[in-house]
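The block underneath contains the structure these notes are about, expressed in structure tokens.
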Protein chains: 2
Amino acid sequence: MQRRVTIEDIAREAGVSRQTVTRAMNGMPRISEATRARILEISERLGYRPSRFASNLARTSKTKTIAFVVDSFRNPYYSELAADLLDAASARGWQMTIVSHEDEPELQLISRLANQVDAVVGYLGQTDEAALTAAARGVPLVLLGRTATAEGLHSVDFDFGPAFAHLVDELRKRGSKRFGLLESQPLGAVYKPSTRRIAYEDAVDPVSAEAVVVCEAPPQSVDAGELGFNELMDRFPETDTVIAFSDLMAMGALRAAHRRGIDVPGQVRLVGVDGLSLGAVTSPALTTLAILGTAFAEQIADVIGEALDGAGDSAERRRTALPILWRESA
Amino acid sequence: MQRRVTIEDIAREAGVSRQTVTRAMNGMPRISEATRARILEISERLGYRPSRFASNLARTSKTKTIAFVVDSFRNPYYSELAADLLDAASARGWQMTIVSHEDEPELQLISRLANQVDAVVGYLGQTDEAALTAAARGVPLVLLGRTATAEGLHSVDFDFGPAFAHLVDELRKRGSKRFGLLESQPLGAVYKPSTRRIAYEDAVDPVSAEAVVVCEAPPQSVDAGELGFNELMDRFPETDTVIAFSDLMAMGALRAAHRRGIDVPGQVRLVGVDGLSLGAVTSPALTTLAILGTAFAEQIADVIGEALDGAGDSAERRRTALPILWRESA
DNA sequence: CTGAAAGCGCTAACAA
DNA sequence: TTGTTAGCGCTTTCAG
């Protein structure tokens with residue numbers, strides 16, 4: 001392996017000091033155009049590449065980088081959230097790197113990230129909070145979609161309770177009587193009702209609370225939604241309003257409805273959860289309980305900001321409200 | 001601003017040397033469990049956060065970070081490409097940061113990135129190659145969707161010529177006679193036929209070559225596709241095969257076809273370009289000239305890899321083939 | 001098992 | 001306009 005070309009080499013070649021090279025390279029003042037041009041020419045000839053670690057170490061204002069961890073980046077929910085977060089991050093002058101942890105064990109991923117970024121945010125599944133904190137080795141961690149309890153752990157969670165209560169209320173005003181629910185479940189896992197489901201059951205009448213289908217195949221997918229909708233309508237034909245726990249599933253339900261000749265929203269109203277922009281291009285466009293959007297991303301960014309500044313003692317914990325995005329399907 | 005807590009502070013507090021602290025923090029051997037535990041406790045109490053710049057500077061194997069620059073991350077084409085690229089990057093042990101350049105001038109963005117990452121790859125619009133190279137200050141640049149000519153600039157371009165020839169050929173075999181084309185154009189820009197259009201015109205018969213609609217409103221959008229399809233069918237009712245220059249436009253065309261009661265592929269065959277996974281969930285599913293996929297991402301990653309290793313002298317330039325993804329719409 | 005010394009490559013502050 | 005002197009905070013030899 002070749003020794004790296006440093007400013008030292010350029011300085012020697014040009015017969016100037018390292019400082020002069022720095023000035024030339026970074027477009028700083030107090031240097032003559034002639035020497036700058038000469039140095040630039042030499043650095044190119046020598047194949048010089050600055051070391052960002054060295055420069056950031058020496059520099060007073062260091063660039064902040066945060067890592068956003070998702071399950072799979074192919075899920076539009078994550079990519080849209082990433083887009084929102086990216087905007088919020090660059091508005092604050094941060095870099096954001098996106099990491100998907102397909103196979104790598106979560107704790108290992110976190111400790112790897114810990115010496116590459118200044119904060120880690122994402123949907124982390126690991127429930128042992130002490131282990132998470134330990135793996136982060138002092139780097140702030142912001143958990144999404146759950147509420148942290150351990151000291152020093154930050155989190156932004158959703159307020160599903162009020163959201164479902166409000167949604168069901170509004171739907172009733174529009175004539176909904178019998179609700180049905182489409183939930184999905186990771187393949188082969190032991191079923192455990194989600195916080196969403198619990199919030200939903202609190203919001204609807206007892207009969208509706210029974211009409212729940214838990215889709216088995218590929219969770220959160222369009223196919224799961226299609227399968228689930230069919231099963232739901234077979235088992236609970238009275239259903240006049242279907243709530244799917246993700247927009248992708250709702251899209252599958254929409255497709256199933258088309259195929260069965262069920263008019264949406266004429267015969268069955270359909271509501272998703274997530275707020276995917278994709279939901280706007282289906283026909284009919286999808287009404288949804290919107291998680292995504294600038295508000296959520298800004299809130300996350302604020303939490304990160306405080307975590308970055310804070311000495312690490314006080315932990316930020318927020319709960320975010322979910323507005324209803326009325327479109328055509330309900 | 002507080003002075004930062006360093007290993008020095010911990011060492012002093014613990015009454016050991018800095019090296020011992022390093023050993024404790026990084027889980028290195030040759031240290032007793034007792035002192036490790038004590039040091040970890042102290043570092044937590046003091047709120048120590050390692051400096052990734054210092055550690056990477058001192059470390060022999062540095063982590064590589066590449067930046068992927070896109071127009072807007074809300075376009076599924078870019079987010080799917082990002083996902084592919086992310087896989088290729090993490091397989092190589094690289095970090096990837098995604099940057100969208102909404103307002104920031106491109107050259108400024110590049111020179112900013114130049115001291116934060118080890119390579120920049122993306123769809124860069126700037127045509128002045130010398131300016132690009134200068135802005136990158138020695139950091140390798142990989143241009144996508146165009147072919148670089150200047151020295152030291154890498155690129156991965158598409159081979160539209162053979163792709164369209166092959167596509168048109170295959171479609172003819174399936175009975176297509178009259179082709180129509182949907183292109184889109186940035187709002188308010190002077191129209192300049194794309195390389196895709198030129199390749200297309202070379203592939204079809206003269207009459208078909210006339211049937212081209214350039215959509216004006218939001219380029220590459222579903223709406224543009226819908227508008228364009230309507231105009232195309234009004235002006236060229238003989239058309240039996242529509243090629244849209246992006247999958248999103250094709251999705252809009254599909255919607256328009258449904259609304260006009262035109263059966264796809266029965267009356268009109270429809271083909272998109274991009275290979276979005278989204279195209280698999282429309283009904284009928286979208287046939288497309290696939291850009292996306294592991295092959296493209298791997299090719300890009302290879303180019304980046306060589307750029308990262310290479311002394312910067314030889315430039316890698318590749319052209320990638322586009323396979324046809326036959327689904328239901330054609 | 002622990003410590004001392006010597007950098008990693010660059011920039012800030014000052015002096016010339 | 002240029003050079004000098006100190007670091008930035010950490011890890012890597014190599015001794016002890």
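Chain naming here is simple, since letters A, B, ... match the order of the sequence lines and numbering starts at 1 in each. Note that this is a predicted model, so its numbers are computed, not measured.
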Whole-Å distance, A/Leu57 CG to C/dA12 P, equals 12 Å
Interatomic distance, A/Phe53 CZ vs C/dC10 P [rounded to whole Å]
12 Å
Does A/Met25 reach a base, just sugar-phosphate, or nothing at all? Heavy atoms under 4.0 Å.
nothing
Remember a base hit wins even if backbone is also touched, and classify A/Asn56 as base, sugar-phosphate or nothing at under 4.0 Å, heavy atoms.
nothing
Can a salt bridge be assigned to the pair B/Glu33 and B/Arg36 using a cut-off of 4.0 Å between side-chain N and carboxylate O?
yes
State whether A/Thr20 places a side-chain N or O below 4.0 Å from either non-bridging phosphate oxygen (OP1 or OP2) of D/dG3.
yes
At 4.0 Å (heavy atoms only), tell me whether A/Val16 reaches a base, stays on the sugar-phosphate, or touches nothing.
sugar-phosphate
Answer with base, sugar-phosphate or nothing: what part of the nucleic acid does A/Thr22 contact at a heavy-atom distance below 4.0 Å?
base
Could you check how far CD1 of B/Ile7 sits from P of C/dG3, rounded to whole Å?
12 Å
Using a strict threshold of under 4.0 Å (side-chain N to carboxylate O), is an ion pair present between B/Glu8 and B/Arg12?
no
N-O pairing of B/Arg52 and A/Asp118 below 4.0 Å
yes
Just how far, in rounded Å, is P of D/dG9 from CZ of B/Arg12?
12 Å
Side-chain donor/acceptor of A/Gln116 to backbone N/O of B/Thr63, under 3.5 Å:
no
Quick check on the 6.0 Å ring-centre criterion: do B/Phe158 and B/Phe296 meet it?
yes
Taking NZ from A/Lys62 and P from C/dT11, how many angstroms apart are they, rounded to a whole number?
12 Å
So does B/Ser32 get a side-chain nitrogen or oxygen closer than 4.0 Å to the phosphate oxygens (OP1/OP2) of C/dT2?
yes
Give the nucleotide from the list C/dG9, D/dT11, C/dA13 with an atom nearest to the side chain of A/Gln19.
C/dA13
A/Glu8 or A/Arg30: which one's nearest nucleotide on DNA chain C is closer to the 5' end?
A/Glu8
If I take atom CD in residue A/Gln116 and atom C1' in nucleotide D/dC10, what distance separates them, rounded to the nearest angstrom?
16 Å
Counting the atoms with a prime plus P, OP1 and OP2 as sugar-phosphate, which does B/Thr6 contact under 4.0 Å by heavy atoms, base, sugar-phosphate, or nothing?
sugar-phosphate
For the pair made of CZ in A/Arg59 and C1' in D/dG9, what is the distance, rounded to whole Å?
16 Å
Return the value, rounded to whole Å, for the distance between atom CZ of A/Arg18 and atom P of C/dG7.
13 Å
Less than 4.0 angstrom between a side-chain N/O of B/Ser17 and OP1 or OP2 of C/dG3, yes or no?
yes
When the nearest nucleotide of DNA chain C is assigned to B/Ile31 and to A/Asn26 on a heavy-atom basis, which residue is associated with the more 5' position?
B/Ile31
Under 3.5 Å, is there an N or O donor on one side and an acceptor on the other linking the side chain of A/Arg23 and the base of D/dG3?
yes
